[in-house]
*Asks:* 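Take a look at the following structure, please.
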Amino acid sequence: MYSAERQQTLNEISKKILSDKGYCDSLIPAELADELKELIKFHEWRYYIINDPLISDYEYDLLYKKLQQVELQHPDLVQTDSPTQRVSTDVTKDLPVVNHLTPMLSLANSYDLEDLVEFDNQVRKLTGLDKDSIIEYCVEPKFDGGSIAVVFENDVLTRAATRGDGQAGEDITNNIKSLKSVPAKAEFSRYKMQKVELRGEALIRKDQFLKINAQREEDGLNLFANPRNAATGGLRTKDPQETADRKIEAFIYQLGYAIDEQGSNLLNQLSTHDQSIELLGKLGFKIPEKERKVCKGIHEVESYCQQWQKQRDSFEYEIDGMVIKVNDRKLQDLCGYTSHHPRWAIAFKFQAKQATSRLINVEFQIGKMGAITPVAKVEPVQLAGVTVGSISLHNEEFIQSRDIMIGDMVLLERAGDVIPYIVKALPDLRTGNEKPIEFPANCPSCQTPLVRIQGEAAWRCPNEKCGEKIIQKLIFHVSKDAMDIDGMGESNIRKFHELGWINNMADIYNLDFDAIANLEGFGKKSAENLKSAILKAKKNPIHRFLHSLSIHHLGKKASKLIAQRIDNIMDLKEWTLEDYLLIKDIGPVVAENTRAYFSNPENIELLERIESLGVNFMSTREDKPTIVEAETLLSGKTILFTGTLSKMGRKDAEILAEKAGAKNLSAVSSNLNILVVGENAGSKLEKARKIGTVEILTEDQFIELMNHKA
Ligand code: IVH
């Protein structure tokens, strides 16, 4: 239907419009509307027909919204064939089409908390409620599957259909009858309901989806892009057994229609949406049960949505947002409908997890241990709330297994807090100008031939004098995790290294701050700040210093364990392999690497120089937590910090609390004893207040408590 070149062009125009760099303004509205219409239809084809989308849902929504906007400003441009004039359709000619009892509408979308407040205000306006009255909302996950409408007559499932264009959908009765989660009979008659239509979503669990794809791979079949495609495809097969085999499940989230023997509407018999869902649960349907919450007021809705945004990845099913519904049926009626969506409901869409972009180049970075990491440079795109421009490609094998080329369009994903990664290249969009990624044979910095240690995925530069490796070690030395020298960072390390001022760790403690003050981009104040940051670092506990040495595999935890057992860093000169191995949790590799480091005369010479420059080598109270008095005011208590602390970093505060015998928790629950609130504390504070037994302290009160302890 679309040639490869055409697809290429359409995708490029989509990107231009999505990146919004003045391209839209360069067109007259009629041209822009035409382009948007064509793009939307193209992406719908990729999505619905060939099941292989090139852009994320989020990007699709943006294109759609843009068209709506143009048409709103220029109503003369609205044509009947515009995608905005129909509800999107998944009707193919294969299955018989049936009319829904009432139209299956869409939902209005919101993307941030402000939109929710606006929705709440709108509901107030429509219902005549004043700003002090609290509106109840029923909030449930927005399931990311295929919507279905199921009709029961005289307690028997008589018909099921896909959403189709909202007015009519495809008849999938037999397929729905094969699903275990939809009862074939349900006692609606107990509630005098003679005919009902239920709305819901057909879904596949995420783990089941992985199993299906693994099997398809084995069978040499095309893989499904996501659980939704597997579910919607499964609903519309001609073979009910195939639907059942995919283990499709259906959540029912709406009672759309209900009449009694006389044909009277019974929907208002139940006073809230929540009650109607409860009733459907009792009748044996799968409903959002634990996941559904009646919230009092829009602020409770906000925190519930945020909570779900955080935990969405751990949910068994894919969800792409939350749906917020006015709970009271009478209020719903007062709100009414547009031709597109109910005015009493809104979807809160989570930030996009996927996006596409072009791979411009691959750089090969050298780590502090010499490992070479290929890093993809992509055209910057928005992904789950952050702009992404560089993405690790991990190692050579990763690149080979995914057939990625320079110039490719690639699909990126960032799930939850996970670092963004490249899911796949989109080879359909290749122009022929793509180039293979050539993995270097020599170190990009010192040209030494790279080596690969057996059993490791990474290629390494074996040269201990490699300039970039040295710089990486210095960058790590000053980083937050190690000596934590505020204001030093990568760019200053590189600058001072270029100037010949820093060639090794000792040089960091012997800088000429007058010379720094005279550097371009510095000045007295920033030189002073750097000086005091270095002075502060000189007093660090020795576990930080140990960790900062970049001894291969010696991490934070092992550094702490070793530091607990010595009085001075130099004690390690005498340590044998056995001394290390006596420590539980320290393995032979760390033991040998650390022993070797402290028996190398070059290292000892460097350490002596560092010590002579005033860096603390003696163990401190923080290194020996056993010294901390057992009985302190915080001892045995659970504690949590929320909001922005102004006098110390969150991590430091947690360490302090831990040293004082408290246990840090990550969430507010009835197990929490103390909540320390910084600025802009949000839902955690609210929740703690609600629990009632949590002691709430300001940052100053916490500090006072700590001083009191000392
Ligand atoms: S209520 C009149 N609730 O979202 C009420 N819809 O654009 C309209 N969806 O395709 C729908 N989870 O299938 C509602 N808990 C939920 C939902 C939900 C997913 C889907 C629905 C429709 C789309 C709305």
Side-chain angles (χ1 to χ4, degrees), residues 44 47-48 57-58 60-61 64-65 68 83-84 86-91 100-111 119 123 137-150 160-167 169-170 172 176 197-204 227-229 231-232 235 248-258 267 272-274 276-278 280-281 285-295 301 304-305 308 312 315 317-327 329 331-333 335-350:
E44 285 177 350
Y47 184 98
Y48 289 110
D57 291 5
Y58 181 77
Y60 170 86
D61 281 350
Y64 192 91
K65 271 190 153 181
Q68 277 183 323
T84 57
R86 54 164 169 74
V87 192
S88 69
T89 168
D90 60 3
V91 173
H100 297 303
L101 298 185
T102 52
M104 276 182 91
L105 296 178
S106 229
L107 285 169
N109 285 332
S110 64
Y111 292 91
F119 166 69
V123 170
Y137 294 103
C138 188
V139 187
E140 17 182 267
K142 185 168 187 304
F143 300 105
D144 195 7
S147 11
I148 52 169
V150 189
T162 62
R163 173 158 173 264
D165 65 3
Q167 300 296 330
E170 289 164 309
I172 50 165
I176 293 296
E197 188 173 51
L198 311 179
R199 303 282 159 83
E201 198 86 353
L203 298 167
I204 294 181
R228 178 190 43 228
N229 288 11
T232 50
L235 279 184
I248 297 178
E249 300 168 41
F251 272 98
I252 302 297
Y253 54 66
Q254 195 75 27
L255 177 60
Y257 179 91
L267 284 179
T272 65
H273 167 74
D274 185 59
S276 64
I277 298 300
E278 194 69 37
L280 294 173
F285 293 91
K286 192 176 174 74
I287 52 162
E289 198 159 21
K290 293 189 297 296
E291 306 82 21
R292 181 174 101 250
K293 183 178 175 187
V294 175
C295 295
V301 171
Y304 195 56
C305 288
W308 269 91
R312 77 187 278 202
F315 192 46
Y317 304 88
E318 285 284 357
I319 56 175
D320 59 348
M322 301 300 285
V323 182
I324 296 119
K325 298 170 182 174
V326 170
N327 198 26
R329 293 248 354 130
L331 292 183
Q332 285 189 2
D333 285 345
C335 291
Y337 298 82
T338 73
S339 61
H340 174 263
H341 61 260
R343 287 203 182 90
W344 43 262
I346 193 164
F348 176 79
K349 296 272 267 190
F350 294 149

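The figures here come from the full heavy-atom set of this structure, side chains too, leaving out hydrogens, waters and symmetry mates. Counting convention: from 1, in listed order, for ligands and their atoms alike. Not measured: the values here are computed from a predicted model.
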*Asks:* Tell me, which protein residue and heavy-atom name are nearest atom 10 (O) of ligand 1, and how many Å apart are they?
*Replies:*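 The answer is S147 OG, 3.1 Å.
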
*Asks:* Hey, looking at atom 13 (O) of ligand 1, which of R292, E291, E201 has the closest heavy atom?
*Replies:*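 Minimum heavy-atom distance to atom 13 (O) of ligand 1 goes to E201.
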
*Asks:* Identify, for atom 2 (C) of ligand 1, the protein heavy atom at the shortest distance, and state residue, atom and that distance.
*Replies:*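 Here the nearest protein heavy atom works out to P342 CG, 3.6 Å.
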
*Asks:* If we count only N and O atoms by modelled type, under 3.5 Å, do the side chains of Y317 and E249 hold a donor and an acceptor together?
*Replies:*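 The answer is yes; a qualifying pair exists.
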
*Asks:* From Q332 CD over to K325 NZ, what is the distance, rounded to the nearest 0.5 angstrom?
*Replies:*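 So the gap between those two atoms works out to 8.5 Å.
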
*Asks:* Nearest heavy atom to atom 6 (N) of ligand 1: which of Y253, F251, F143 does it belong to?
*Replies:*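 The option holding the nearest heavy atom is Y253.
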
*Asks:* Tell me: protein heavy atom nearest atom 15 (N) of ligand 1, and distance?
*Replies:*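 Of every protein heavy atom, E140 OE1, 2.8 Å lies nearest to atom 15 (N) of ligand 1.
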
*Asks:* The test is side chain to side chain donor-acceptor pair (under 3.5 Å); show your working for T232 and R163 and say whether it passes.
*Replies:* CA-CA 11 Å; T232 50; R163 173 158 173 264; over 6 Å; no

*Asks:* Taking atom types as modelled and ignoring hydrogens, do the side chains of R199 and T102 form a donor-acceptor contact shorter than 3.5 angstrom?
*Replies:*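 Side-chain D/A pair, R199 to T102: present.
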
*Asks:* For atom 3 (N) of ligand 1, which candidate among Q254, K325, M104 holds the nearest heavy atom?
*Replies:*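 The nearest heavy atom belongs to K325.
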
*Asks:* A345: heavy atom below 4.0 Å from ligand 1, yes or no?
*Replies:*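 A345 does not count as a contact of ligand 1 under the 4.0 Å cut-off.
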
*Asks:* Assess the pair F350 and W308: is the distance between their ring centroids shorter than 6.0 Å?
*Replies:*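 Distance test on ring centres: not under 6.0 Å, no.
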
*Asks:* Considering only the protein, which heavy-atom contact is closest to atom 7 (O) of ligand 1, and what is its distance?
*Replies:*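 Of the protein heavy atoms, L107 N, 3.2 Å lies nearest.
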
*Asks:* Can H273 and E140 be counted as having a side-chain donor-acceptor contact under 3.5 angstrom?
*Replies:*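 Judged by distance alone, the side chains do pair up.
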
*Asks:* Is P141 close enough to touch ligand 1? Criterion: a residue heavy atom under 4.0 Å from a ligand atom.
*Replies:*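 The answer is yes, since P141 has a heavy atom less than 4.0 Å from ligand 1.
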
*Asks:* Please round to the nearest 0.5 Å and tell me the distance separating atom OH of Y137 and atom CG of N327.
*Replies:*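 Reported value, rounded in 0.5 Å steps: 11.0 Å.
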
*Asks:* With a distance cut-off below 6.0 Å to the six-membered ring centre and an angular limit of 45° from the axis, does K286 pair with F251 as a cation-pi contact?
*Replies:*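 Verdict for F251: a cation-pi partner in K286.
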
*Asks:* To which protein heavy atom is atom 23 (C) of ligand 1 closest, and what is the distance rounded to 0.1 Å?
*Replies:*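 Of the protein heavy atoms, K142 NZ, 3.8 Å lies nearest.
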
*Asks:* Relative to the heavy atoms of S106, which atoms of ligand 1 are at a distance of less than 4.0 Å?
*Replies:*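 This gives 7 (O) as the contact atoms.
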
